[in-house]
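Below is one structure, written out as structure tokens; the observations come after it.
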Amino acid sequence: MKRKQHLVKKRFFTDLLIWYGLVGFVFIFIVEILRSKLDEKIFQEQVTSSMETFAITLKPDLESANIWAVRKSIGLALNAKIANYFSIIEKDTNEEILFMPFLPSDMRKVLENMLTVDILVNAESINQRWLIKGFIEKDASFGKTFFNRMFLFIFFAIMLILFAVLTLLLGNRYTSEYENIGKLISQINLENRLDASHLKLKTIEGNLILEKIKELNLALSIATEEKKNLAAHKALGSLATQVAHDIRSPLAALNVIEKDLACLPEEVRVILRGSINRIRDIANGLLEKNRELKSNTTAQICAANTINTPTTEPVTVQLLSSLIDPLITEKRLQFRSRIGIEIDGNLDSSSYGLFANIQATEFKRVLSNLVNNSVEALDDKGKVNINLSKKLKLIEILVQDNGKGIPKDIIAKLGSRGETHGKSGGSGLGLYHAKQSLESWDGTLSITSTEGKGTAITITLPQAKPPEWFVSELKLTPNSNIVILDDDSSIHQIWDGRFESVNIKEKNIMVFHFSTPNQLKEWVASNKDKITNTIFLTDYELLGFKETGLNLIQELEIGSQSILVTSRFEEKQIMDSCQKLKVRLIPKGLAGFVPIQVQASEIPDCILIDDDALVHLTWKSSAKAAGKQFVAFTKASDFFGQAAKFSKNTPIYVDVNLGNGISGEDVAKKICEHGFKNIFLATGYEPERYTHLSFLNGVVAKDPPW
């Protein structure tokens, strides 16, 4: 560990030194460029000034043509290093009249590295002009000197030393804190605690990390506490869910036969109905307990991570029966000490599939308060009944009791803020709140009562369109198949009873029962041609198997033909998986109430399969004129998707070329394999080309058959 810390520290120092060195080098480089530019400018100004002064001095000698005096002056200028050599040229003739080199080397090479300064001198008296050229080597007078180079070297060395010192100071300050933090993190003990009480940091960054460590300690403390109870909670939750699941299946069967108890004596019906309600209460109670465990754990985790959840509940589409049924159980448990009080609910086929746009928690609170009011209106003995039904396009929820009743003059005031009746200490806010909430959902609340007989509170809500996942009606087609997968025999019995009630045998609808995943897999593997014409009713949990109903649906790729029948339909994970696989849902408790409709067989006079829209239009117009029933398909796959609803004797006309490389001959053969008997090829080719197709009834032109 120490070796790693040393390497980290060394790497940190090295990186800082490199960066500071680079910055210093760039800085010096820029300074040198600026200084060179400044020297260049000063040099040019000095040379130009010197040459102009020299030309003024030389002018009288040039006018008098005193070449010796000119030569002498140039010699003095060369010695003074005003230039390395001079050239005097007569401007008008461009003839060089004097050349004074100072350097004995090759002048052309020297010229390439020298600065040329031209000075034009006019000899006004004799009307002559001379061009004085001076060639000056930069280093001769104003170039970089040894002092300049030494200055730059010393400056650069000082900068490096300064950067090194800064690196050490900053490096020691930060790495010492990071080493402390590293030591702290390395000391995480078995209880997941970070003891940072002794750590004192000076930098802002270090203290921010320290604050995060404190927050982490808090979260770890809560997580550790939760870990101790997690195994027990998980086991209890799994047991509760499993028991509830096991109870739900026979309970659904009891719900179906409950309405056929009229032949039994009254006292027997009362006992049996009470037992069914008690079983329902146990199942609902176990599921609610499991939800509370999950909810509490989630809440604590959210608190540990300081996650704030919004308090305003959104309005969503809710299945009302799934909210009312658990509430009835809750109220039975709440008032079970009052033995003479009976709380019952009427949730049957008339309440199936009723959805409303509401706030679920708020709705349950409203209904709970109304039931409480009804119970409080009863003496030691009485009954409260909650009924859910549909009235035209509205949903009606009736909370009715046989208690004391409410005087007429009081009923008109109830629902107003502060108005109450029959409750000591009542504030009247319950009914007021209920009315306000219902009105926010476009609903209403009304009260009718008869003194001495009881009170009825009616809630109405607009019916919402069921979500796509919900099966509002189970539609069956003639000559189709139904496959049921469930590990509980009572569910198979429920479905058999439901299907017998609509006489599916007369429609040639076959039902297959399976209780294990392998049985379903084997059936699908051997009946691939029947899958598109099959409805799969699948349970989610299968006892003794790791595979769930959804796993099987995904593996077998039967999502569009499948319906998941489960009591866990409200779980988000299951709902999301169903939507992904395009699987619809039926709550298991409502399996006995889902409406079933067997569609009548369509017997058209003929069926056409052709990809030409103009041919479709021609046949349709001809069928209308002849009073014939006609069905047309552009794709063969569309026909096979609906083939089960057509009579096997229906004449079917198939185009030879269906586009995209699909052969009409192959399609006709497949239609024959589906049991259809009157198959024709509609084409302009000679019939002799198709004599080998023995399953055809004939080859005709594309003209309508009537």
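What you see is a predicted model, and the numbers here were worked out from it, not measured in a lab. Values below: all heavy atoms of this structure, side chains included; hydrogens, waters and symmetry mates excluded.
Closest of all the heavy-atom pairs between Leu319 and Pro587 is CD2-CG, 4.0 Å. Ser374 and Val399 get closest at one heavy-atom pair: OG-CG1, 3.6 Å. Heavy atoms only, all atoms of each residue included: Val565 and Asp539 are closest at O-OD1, 3.2 Å. Pairing each heavy atom of Leu323 with each of Pro326, the nearest pair is O-CD, 3.5 Å. Considering all non-hydrogen atoms of both residues, Ala464 and Ala356 come closest at CB-CA, 3.8 Å. Between Gln642 and Phe633, the shortest heavy-atom contact is NE2-CE2, 4.0 Å.
Side-chain contact annotation: Ser490 with Asp488, donor-acceptor N/O pair under 3.5 Å present. No hydrogens or angles considered: a donor-acceptor pair under 3.5 Å links the side chains of Gln318 and Thr316. Donor-acceptor pairing under 3.5 Å is lacking for the side chains of His513 and Gln493. Side-chain contact annotation: Glu362 with Trp441, donor-acceptor N/O pair under 3.5 Å absent. Side-chain atoms of Ser351 and Ser321 include no donor-acceptor pair closer than 3.5 Å.
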- prompt: Going through the distances and angles, do Lys475 and Ile535 end up as a side chain to side chain contact (heavy atoms under 4.5 Å, CB included)?
  reply: CA-CA 9 Å; Lys475 296 181 179 180; Ile535 293 177; over 6 Å; no
- [ ] Before giving the answer on side chain to side chain contact (heavy atoms under 4.5 Å, CB included), spell out for Ile324 and Leu367 the whole-Å C-alpha distance, their side-chain angles and the decisive distance to 0.1 Å.
- [x] CA-CA 8 Å; Ile324 296 175; Leu367 195 58; 3.9 Å; yes
*Verdict with supporting geometry, Met575 and Gln579, side chain to side chain contact (heavy atoms under 4.5 Å, CB included)*: CA-CA 6 Å; Met575 186 71 69; Gln579 291 178 351; 4.0 Å; yes
Please step through side chain to side chain contact (heavy atoms under 4.5 Å, CB included) for the pair Val511 and Ile484, ending with a clear verdict.
CA-CA 8 Å; Val511 180; Ile484 303 169; 3.9 Å; yes
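Between the CG atom in Leu585 and the SG atom in Cys578 there is a gap of 4.0 Å [rounded to 0.5 Å]. To the nearest 0.5 Å, the span separating CG on Leu564 from NZ on Lys588 amounts to 9.0 Å. With values rounded to the nearest 0.5 angstrom, Thr455 atom OG1 is found 10.0 Å from Asn373 atom CG. In this structure, CG in Leu550 is found 8.5 Å from OG1 in Thr538, a value given to the nearest 0.5 Å. Atoms CG and CG, on Asn387 and Asn346 in that order, are 4.5 Å from each other to the nearest 0.5 Å. Atom NZ of Lys364 sits about 13.5 Å away from atom CG of Asn369, to the nearest 0.5 Å.
Note on ring orientation: taking the six-membered ring where Trp is involved, the planes of Phe355 and Trp469 are perpendicular (angle over 60°, cut-offs 30° and 60°).
Between Arg568 and Glu541 there is a salt bridge, with a side-chain nitrogen of the basic residue lying less than 4.0 Å from a carboxylate oxygen of the acidic one. Lys572 has a carboxylate O that lies under 4.0 Å from a charged side-chain N of Asp576, or vice versa, which qualifies the two as a salt bridge.
Although no hydrogens or angles enter the test, the distance criterion places a donor-acceptor pair under 3.5 Å between the side chain of Ser449 and the main chain of Ile406. In terms of modelled atom types and a separation under 3.5 Å, the side chain of Ser437 and the main chain of Ala434 share no donor-acceptor contact. Listed for the Thr548 side chain is a donor-acceptor partner under 3.5 Å among the backbone atoms of Asn551. In terms of modelled atom types and a separation under 3.5 Å, the side chain of Ser480 and the main chain of Leu476 share no donor-acceptor contact.
Screening Ile341, Val375, Asp344 against Lys383 for a side chain to side chain contact (heavy atoms under 4.5 Å, CB included) leaves a single residue, Asp344.
With a 4.5 Å cut-off on side-chain heavy atoms, Leu520 and Val483 count as touching. Taking 4.5 Å as the limit, every side-chain heavy atom of Phe569 sits out of range of all side-chain heavy atoms of Ile574. Between Leu445 and Ile457 the shortest side-chain heavy-atom distance falls below 4.5 Å. Between Asp496 and Ile494, the closest side-chain pair of non-hydrogen atoms is not below 4.5 Å. For the pair Val594/Tyr352, a side-chain contact is recorded, criterion being any heavy-atom separation below 4.5 Å from C-beta on. Inter-residue side-chain proximity for Phe536 and Asn481 is flagged as unmet; no heavy-atom pair is nearer than 4.5 Å. When side chains are defined from C-beta on, Ile447 does not count as touching Thr458, because their heavy atoms never get closer than 4.5 Å. For the pair Leu354/Leu388, a side-chain contact is recorded, criterion being any heavy-atom separation below 4.5 Å from C-beta on.
Asn503 is linked by a side-chain contact (heavy atoms from CB on, under 4.5 Å) to Glu506, counting only residues two or more places apart in sequence or in another chain. Phe545 meets the ring pair (Phe, Tyr, Trp, His ring centres under 6.0 Å) test with no other residue; sequence neighbours excluded. Remark: Asp409 engages no residue in a salt bridge (charged side-chain N to carboxylate O under 4.0 Å, His left out) (not counting sequence neighbours). Applying the ring pair (Phe, Tyr, Trp, His ring centres under 6.0 Å) rule to His674 yields the partners Phe640; only residues at least two apart in sequence or on another chain are considered. Listed by chain and residue number, nothing satisfies the side-chain contact (heavy atoms from CB on, under 4.5 Å) test with Lys381 (two or more places apart in sequence, or in another chain). With sequence neighbours excluded, no residue forms a side-chain contact (heavy atoms from CB on, under 4.5 Å) with Leu394. Listed by chain and number, the residues in a salt bridge (charged side-chain N to carboxylate O under 4.0 Å, His left out) with Arg338 amount to none (sequence neighbours excluded). With sequence neighbours excluded, no residue forms a salt bridge (charged side-chain N to carboxylate O under 4.0 Å, His left out) with Lys391. For Ser368, the side chain to side chain donor-acceptor pair (under 3.5 Å) test picks out Lys331, with sequence neighbours left out. Legend: residues meeting ring pair (Phe, Tyr, Trp, His ring centres under 6.0 Å) with Trp495, ordered by chain and number and at least two apart, are Phe499. By the ring pair (Phe, Tyr, Trp, His ring centres under 6.0 Å) test, Phe335 pairs with no residue at all, sequence neighbours left out.
Within 6.0 Å of atom CD in Glu557, 12 or fewer heavy atoms from other residues, nucleotides or ligands are found, so the atom counts as exposed in its surroundings.
Here salt bridge (Lys or Arg N to Asp or Glu O under 4.0 Å) pairs that include residues 546-555, with residues two or more places apart or in two chains, are Lys521-Glu547, Lys521-Glu555.
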